Enquirer: 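Input: one structure, supplied below.
Owing to the predicted nature of the structure, the values given are computational and were not obtained by experimental measurement.
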Amino acid sequence: RKEFVDLYVNYVFNESIRKPFEDFMKGFLRGCPARRWMMFLPVELQIILQGHTRCDWNLLQKNVKYSQYERLDQTIRNFWTAFHKLPEEKKKMFIGFLTGSDRIPGYVLEHFTFTIADPKVENPDEFCPFASTCHRILFLPR
């Protein structure tokens with residue numbers, strides 16, 4: 001019985017998927033040559049390919065640049081007060097709104113930055129915040 005179970009488990013988890021896995025691996029290695037990825041540990045490779053799933057929101061606030069704003073302007077203080085009250089899921093949605101992805105790229109967690117800029121509109125109450133995802137700029141009306 002043990003031999004039967006061992007053979008069956010081997011078939012289900014190895015033999016039955018061998019051909020589809022080989023096809024997948026062949027295609028994957030065509031786009032991502034393995035010798036270039038060998039220098040990474042599996043955890044590092046996962047972060048590079050998927051990005052960071054957790055973020056230090058205080059570090060993010062510290063790294064932000066301002067255009068036509070100062071760090072202590074009332075609009076900026078109100079923004080960060082509201083931002084830090086958001087649940088984790090909404091903060092990630094904000095990163096998605098700002099960058100197009102809810103994850104921070106794997107190689108820039110400590111250096112990830114964005115800019116908060118004043119769009120210089122006549123009636124700021126008539127405009128919603130908007131973002132330039134390519135340049136990571138949040139246009140925040142006063």
Enquirer: How about CD on Glu88, more than 12 heavy atoms from neighbouring residues, nucleotides or ligands closer than 6.0 Å, or not?
Expert: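 Yes, because the 6.0 Å sphere around CD of Glu88 holds more than 12 heavy atoms from other groups.
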Enquirer: For a quick test of reading the model, state the closest non-hydrogen atom pair linking Trp57 to Lys92 and the distance between them.
Expert: CH2-N, 4.2 Å
Enquirer: Taking the side chain as every heavy atom from C-beta outward, state whether Pro129 and Leu138 have any pair of such atoms under 4.5 Å apart.
Expert: yes
Enquirer: Indicate yes or no for a side-chain donor-acceptor contact from Ser101 to the backbone of Gly96 under 3.5 Å, with no hydrogens or angles considered.
Expert: no
Enquirer: Answer with yes or no whether the hydrophobic clustering places Phe97 together with Ile137; edges join I, L, V, M, F, W, Y residues whose side-chain heavy atoms lie under 4.5 Å apart.
Expert: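 Cluster IDs for Phe97 and Ile137 differ.
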Enquirer: Picking from Phe94, Tyr66, Phe139, what satisfies ring pair (Phe, Tyr, Trp, His ring centres under 6.0 Å) with Phe79?
Expert: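 Considering Phe94, Tyr66, Phe139, a ring pair (Phe, Tyr, Trp, His ring centres under 6.0 Å) with Phe79 is found only for Phe94.
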Enquirer: Say you draw a straight line from SG of Cys128 to CG of Leu140; how long is it, rounded to the nearest 0.5 Å?
Expert: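 Here the rounded value is 11.0 Å.
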Enquirer: Take atom CD in Glu15; do more than 12 heavy atoms of anything else shown fall under 6.0 Å from it?
Expert: yes
Enquirer: Hydrophobic clusters here meaning ILVMFWY residues chained together by side-chain heavy-atom distances under 4.5 Å, can you tell me if Tyr69 and Leu72 are in one?
Expert: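 No, no single cluster joins them.
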Enquirer: Can you name the nearest heavy-atom pair linking Pro141 to Thr75, along with the distance?
Expert: O-CG2, 3.9 Å
Enquirer: Is Asp73 salt-bridged to Arg77, cutoff N-O under 4.0 Å?
Expert: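 No, no charged N to carboxylate O under 4.0 Å.
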Enquirer: Step through the shown structure and confirm whether more than 12 heavy atoms of other residues, nucleotides or ligands are within 6.0 Å of CZ on Phe40.
Expert: yes
Enquirer: Using a cut-off of 6.0 Å, state whether more than 12 heavy atoms not belonging to Glu3 lie near its atom CD.
Expert: no
Enquirer: Would you check if the side chain of Asp56 reaches a backbone N or O of Asn58 as a donor-acceptor pair within less than 3.5 Å?
Expert: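 Flag set: sc Asp56 to bb Asn58 pair under 3.5 Å.
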Enquirer: Would a hydrophobic clustering, with Ile, Leu, Val, Met, Phe, Trp and Tyr connected at side-chain separations under 4.5 Å, put Ile76 with Phe83?
Expert: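 Yes: a chain of side-chain contacts under 4.5 Å links Ile76 to Phe83.
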Enquirer: Parallel under 30°, tilted from 30 to 60°, perpendicular over 60°: which one fits the rings of Tyr8 and Phe4?
Expert: parallel
Enquirer: Between Arg71 and Lys62, which heavy-atom pair has the shortest distance, and what is it?
Expert: NH2-O, 3.7 Å
Enquirer: Rest of the hydrophobic cluster containing Phe28 (Ile/Leu/Val/Met/Phe/Trp/Tyr, side-chain heavy atoms under 4.5 Å)?
Expert: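 Members besides Phe28, by chain and number: Phe21, Phe24, Met25, Leu29.
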Enquirer: Linking directly or through intermediates, with side-chain heavy atoms under 4.5 Å: list the remaining ILVMFWY members grouped with Val121, chain and number order.
Expert: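 ILVMFWY cluster around Val121 also holds Phe127.
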Enquirer: Donor-acceptor check, side chain of Glu126 to backbone of Asn123, threshold 3.5 angstrom: yes or no?
Expert: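 Looks like no, no N/O pair under 3.5 Å.
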Enquirer: Just how far is it from atom CG of Leu86 to atom OG1 of Thr81, taken to the nearest 0.5 Å?
Expert: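 If we round to the nearest 0.5 Å, Leu86:CG and Thr81:OG1 are 11.0 Å apart.
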Enquirer: For residues 132-142, which residue pairs pass the side-chain hydrogen bond (donor to acceptor under 3.5 Å, both in side chains) check, not counting sequence neighbours?
Expert: Asp118-Arg142
Enquirer: Would you call Trp80 and Ile116 a side-chain contact if the rule is heavy atoms closer than 4.5 Å?
Expert: yes
Enquirer: Taking all heavy atoms of Ile95 and all of Asp102, pick out the closest pair and write down the distance.
Expert: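 Residues Ile95 and Asp102, closest heavy atoms: CG2-C, 4.2 Å.
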Enquirer: Taking all non-hydrogen atoms of both residues, which atom of Thr113 and which atom of Val64 are closest, and how far apart?
Expert: OG1-CA, 3.9 Å
Enquirer: Is the positively charged end of Lys65 above the ring of Phe114, judged by distance under 6.0 angstrom from the centroid and angle within 45° of the axis?
Expert: no
